[in-house]
Amino acid sequence: MANIYASAGMWDEVAKTRKTMHERGVVKKPGFSWIEIKRKVHVFLVGDTSHPRSKEIHEFLGELSKRMKEEGYVPDTNFVLHDVEEEQKEQNLSYHSEKLAVALGIIATSPETPIKVFKNLRTCVDCHTAIKFISKIAKRKIIVRDSNRFHCFEDGKCSCGDYW
Ligand code: ZN
Ligand code: ZN
């Protein structure tokens with residue numbers, strides 16, 4: 001129900017529905033992503049700034065986002081429909097956990113190393129679109145294993161054919 005209201009832009013209704021869910025004890029799972037680099041696992045929550053290289057990660061994402069926009073990327077603010085759990089509350093699309101993990105993967109590994117990220121929830125439409133652009137701009141193969149399936153991003157396309 002919350003998703004139907006959200007897609008129609010009825011944010012007050014969404015807020016009310018969420019409040020009711022909360023009161024009824026419906027607890028949403030927090031979204032997180034992780035990546036293993038040189039045998040060390042790095043975990044990110046949405047908007048996470050706790051990583052030692054957080055500043056670099058955010059700067060890199062800022063640069064990427066400029067280049068993505070030049071290439072025609074438009075942030076998808078209707079992501080609520082696909083991202084049905086915790087992250088839907090997050091307004092700032094740039095800092096979804098899978099984007100943070102992908103960014104670290106790119107800055108912390110040598111060029112051409114494939115990036116492999118795992119996520120405990122389904123990846124949202126915006127992250128999916130963004131990672132397609134990132135695979136092309138950074139010239140990396142990016143594999144995202146979300147709660148539903150594998151996505152293999154390469155040269156601006158995903159192996160799922162945008163269906164997941
Ligand atoms: Zn996302
Ligand atoms: Zn995909």
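Quick note: numbers below take in every heavy atom, side chains included, and nothing from hydrogens, waters or symmetry partners.
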| said: Assess the residue pair K55 and E59 against the criterion (salt bridge (Lys or Arg N to Asp or Glu O under 4.0 Å)); give the C-alpha distance rounded to whole Å, side-chain angles, the decisive distance to 0.1 Å, and a yes or no. | reply: CA-CA 6 Å; K55 195 165 171 278; E59 279 168 9; 3.2 Å; yes
| Going from OH on Y95 to OG on S54, what distance comes out if it is rounded to the nearest 0.5 angstrom? |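 Reported value, rounded in 0.5 Å steps: 9.5 Å.
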Output yes when a side-chain donor or acceptor of [X] lies under 3.5 Å from a complementary backbone atom of [Y], and no otherwise.
{"X": "S33", "Y": "A101", "value": "no"}
{"X": "T129", "Y": "V125", "value": "yes"}
{"X": "R140", "Y": "I106", "value": "yes"}
{"X": "T113", "Y": "T109", "value": "no"}
{"X": "S135", "Y": "G156", "value": "yes"}
{"X": "N120", "Y": "F32", "value": "yes"}

For residues [X] and [Y]: do they belong to one hydrophobic cluster (side chain heavy atoms under 4.5 Å, members Ile, Leu, Val, Met, Phe, Trp, Tyr)?
{"X": "I143", "Y": "I37", "answer": "no"}
{"X": "F133", "Y": "I131", "answer": "yes"}
{"X": "V144", "Y": "I107", "answer": "yes"}

| E98 side chain to T123 side chain, donor-acceptor N/O pair below 3.5 angstrom |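 Per modelled atom types, E98 and T123 side chains form a pair under 3.5 Å.
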| Test log, rule salt bridge (Lys or Arg N to Asp or Glu O under 4.0 Å), inputs K99 and D126 | CA-CA 10 Å; K99 287 190 182 112; D126 181 68; 2.7 Å; yes
| field | salt bridge (Lys or Arg N to Asp or Glu O under 4.0 Å) contacts touching residues 61-73 (sequence neighbours left out) | value |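 Every salt bridge (Lys or Arg N to Asp or Glu O under 4.0 Å) pair that includes a residue of residues 61-73, provided the two are not neighbours, is E71-K136.
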| Would you say the side chain of H58 lies within less than 4.5 Å of the side chain of L100, judging by non-hydrogen atoms? |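 A side-chain contact under 4.5 Å exists here.
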| task | Kindly state whether the ring of H128 and the ring of F153 have centres lying under 6.0 angstrom apart. | result |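 Between H128 and F153, the centre distance is under 6.0 Å.
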| query | Is D155 salt-bridged to K132, cutoff N-O under 4.0 Å? | reply |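 Salt bridge: no.
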| Parallel, tilted or perpendicular for H51 and H42, by the 30°/60° rule? |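 H51 and H42: tilted rings.
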